[in-house]
Amino acid sequence: MPKYSQSLEIIAILFAGFPAIIIVNALYINLYKANKQEKKYVYTVFFMCFVSAFLSIVAILIDKNINTIALTTTISFYFWYVYSIRDFPSFKLNLKELLFLVLFLVIYFFCINFLAGFFALLTYYLFILIIIRLVYKSELNLLIKSIFKRTQQKMM
């Protein structure tokens, strides 16, 4: 395990891209398929590969550090997330979503850079829950009511 410890920094940077990766892989890809836009999806994938490669080359020229390349990869995923919104007019990047993503990234990078171990994990989850409560209050209340309603129905 010690020989892999250097990769933990890279993995931590790449994990910051998970919200964007999840939306791209779970939502956008299926929407391209459902809307019969496979050609547009293939074009988008090639374009995003170009963007990612370009950012990585720039990162290498500026700073020959593997962490910088990992950061440009994470940035590429967020770029893909924002870029693909234009293909689906019913989706818009709203203030709530943008606020959540920015606060998520700030908290995530704060926790991985300034806190350690269990305390970092606990702090991260606590602040994410607070952010969800503040940003998505009505959606959270609706989800909680739905869960309680299903639980009560199963008990009867």
Side-chain angles (χ1 to χ4, degrees), residues 1-33 41 44-148 150:
M1 192 69 168
K3 70 180 184 176
Y4 297 109
S5 63
Q6 289 180 320
S7 68
L8 294 178
E9 283 182 48
I10 297 164
I11 292 168
I13 293 168
L14 292 173
F15 273 14
F18 269 7
I21 293 167
I22 290 167
I23 292 170
V24 167
N25 286 332
L27 184 62
Y28 292 159
I29 291 173
N30 288 317
L31 285 171
Y32 282 117
K33 291 176 186 177
Y41 170 67
T44 301
V45 168
F46 280 118
F47 178 69
M48 296 319 309
C49 286
F50 172 78
V51 168
S52 183
F54 176 77
L55 288 175
S56 293
I57 290 168
V58 169
I60 291 167
L61 293 174
I62 292 173
D63 182 19
K64 293 179 172 94
N65 183 334
I66 194 77
N67 291 350
T68 307
I69 296 168
L71 184 60
T72 61
T73 302
T74 299
I75 291 168
S76 296
F77 283 117
Y78 281 97
F79 183 79
W80 188 348
Y81 163 70
V82 172
Y83 178 82
S84 289
I85 287 175
R86 68 181 180 75
D87 291 332
F88 307 104
S90 58
F91 292 103
K92 292 182 178 138
L93 185 62
N94 60 43
L95 185 60
K96 281 177 148 181
E97 210 170 310
L98 190 59
L99 180 63
F100 178 82
L101 289 173
V102 168
L103 291 174
F104 160 79
L105 289 169
V106 168
I107 288 165
Y108 179 78
F109 282 115
F110 174 79
C111 288
I112 65 169
N113 287 309
F114 299 108
L115 304 175
F118 183 72
F119 185 67
L121 181 69
L122 185 65
T123 303
Y124 169 78
Y125 280 116
L126 176 67
F127 277 99
I128 289 298
L129 289 173
I130 291 170
I131 292 170
I132 290 170
R133 179 75 175 135
L134 292 173
V135 175
Y136 291 110
K137 184 178 181 178
S138 61
E139 292 88 344
L140 181 63
N141 288 339
L142 187 63
L143 177 65
I144 291 169
K145 286 178 186 177
S146 174
I147 290 170
F148 280 125
R150 285 186 191 157

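The model shown is predicted, which means the values in this text are computed figures rather than measured ones.
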Asker: For atom CZ of F47, is the number of surrounding heavy atoms from other residues, nucleotides or ligands below 6.0 Å larger than 12?
Answerer: yes
Asker: At their closest point, which heavy atom of V135 faces which heavy atom of K96, and how far apart are they?
Answerer: O-CE, 3.1 Å
Asker: To the nearest 0.5 Å, how far apart are CG in N65 and CD1 in I10?
Answerer: 8.5 Å
Asker: Could you tell me whether the side chain of F88 reaches within less than 4.5 Å of the side chain of Y32, counting heavy atoms only?
Answerer: yes
Asker: What do the steps show when you test L27 against F91 for side chain to side chain contact (heavy atoms under 4.5 Å, CB included), and what is the final call?
Answerer: CA-CA 11 Å; L27 184 62; F91 292 103; 3.9 Å; yes
Asker: To the nearest 0.5 angstrom, please state how far the CG atom of L140 sits from the OH atom of Y136.
Answerer: 11.5 Å
Asker: Just how far is it from atom CD1 of I75 to atom CD1 of I13, taken to the nearest 0.5 Å?
Answerer: 10.0 Å
Asker: If a pair satisfies side chain to side chain donor-acceptor pair (under 3.5 Å) and one of its residues is in residues 9-20, list it, with sequence neighbours excluded.
Answerer: E9-N67
Asker: Are any non-hydrogen side-chain atoms of L101 and P19 less than 4.5 angstrom apart?
Answerer: yes
Asker: So which heavy atom on A59 is nearest to which on T68, and how close?
Answerer: CB-CG2, 3.6 Å
Asker: Report, one line per pair, each donor and acceptor closer than 3.5 Å where one atom sits in a side chain of residues 117-126; sequence neighbours left out.
Answerer:
unit_1: T123; atom_1: OG1; unit_2: F119; atom_2: O; d: 2.7

Asker: Taking the side chain as every heavy atom from C-beta outward, state whether F77 and V24 have any pair of such atoms under 4.5 Å apart.
Answerer: no
Asker: Verify, without hydrogens or angle tests, whether Y28 (side chain) and Y41 (backbone) share a donor-acceptor contact under 3.5 angstrom.
Answerer: no
Asker: Working to the nearest 0.5 angstrom, can you tell me the gap between L134 CG and F100 CZ?
Answerer: 11.5 Å
Asker: Give the minimum heavy-atom separation between A16 and L105, together with the two atoms involved.
Answerer: O-CD2, 3.6 Å
Asker: Look only at the side chain of S76 and the backbone of T72, and say whether a donor-acceptor pair between them is shorter than 3.5 Å.
Answerer: yes
Asker: Would you say F15 and I112 make side-chain contact, with heavy atoms under 4.5 Å?
Answerer: no
Asker: Surrounding CZ of F54 (heavy atoms of other residues, nucleotides or ligands, distance under 6.0 Å), is the total greater than 12?
Answerer: no
Asker: Can you measure from OG (S146) to CG (N141) and round to the nearest 0.5 angstrom?
Answerer: 12.5 Å
Asker: If we only count heavy atoms from C-beta on, is the S52 to W80 side-chain gap below 4.5 Å?
Answerer: no
Asker: If you take all heavy atoms of Y78 and G17, which pair is closest and at what distance?
Answerer: CE1-CA, 3.7 Å
Asker: Which heavy atom of I69 sits nearest to which heavy atom of S56, and what is that distance?
Answerer: CG2-OG, 4.0 Å
Asker: Considering all heavy atoms of both residues, which atom of I131 and which atom of F104 are nearest to each other, and what is their separation?
Answerer: CD1-N, 4.4 Å
Asker: If you define the side chain from C-beta out and look only at heavy atoms, does anything of L55 sit under 4.5 Å from F79?
Answerer: no
Asker: When rounded to the nearest 0.5 angstrom, what distance separates CG in L103 from CD1 in I132?
Answerer: 11.5 Å
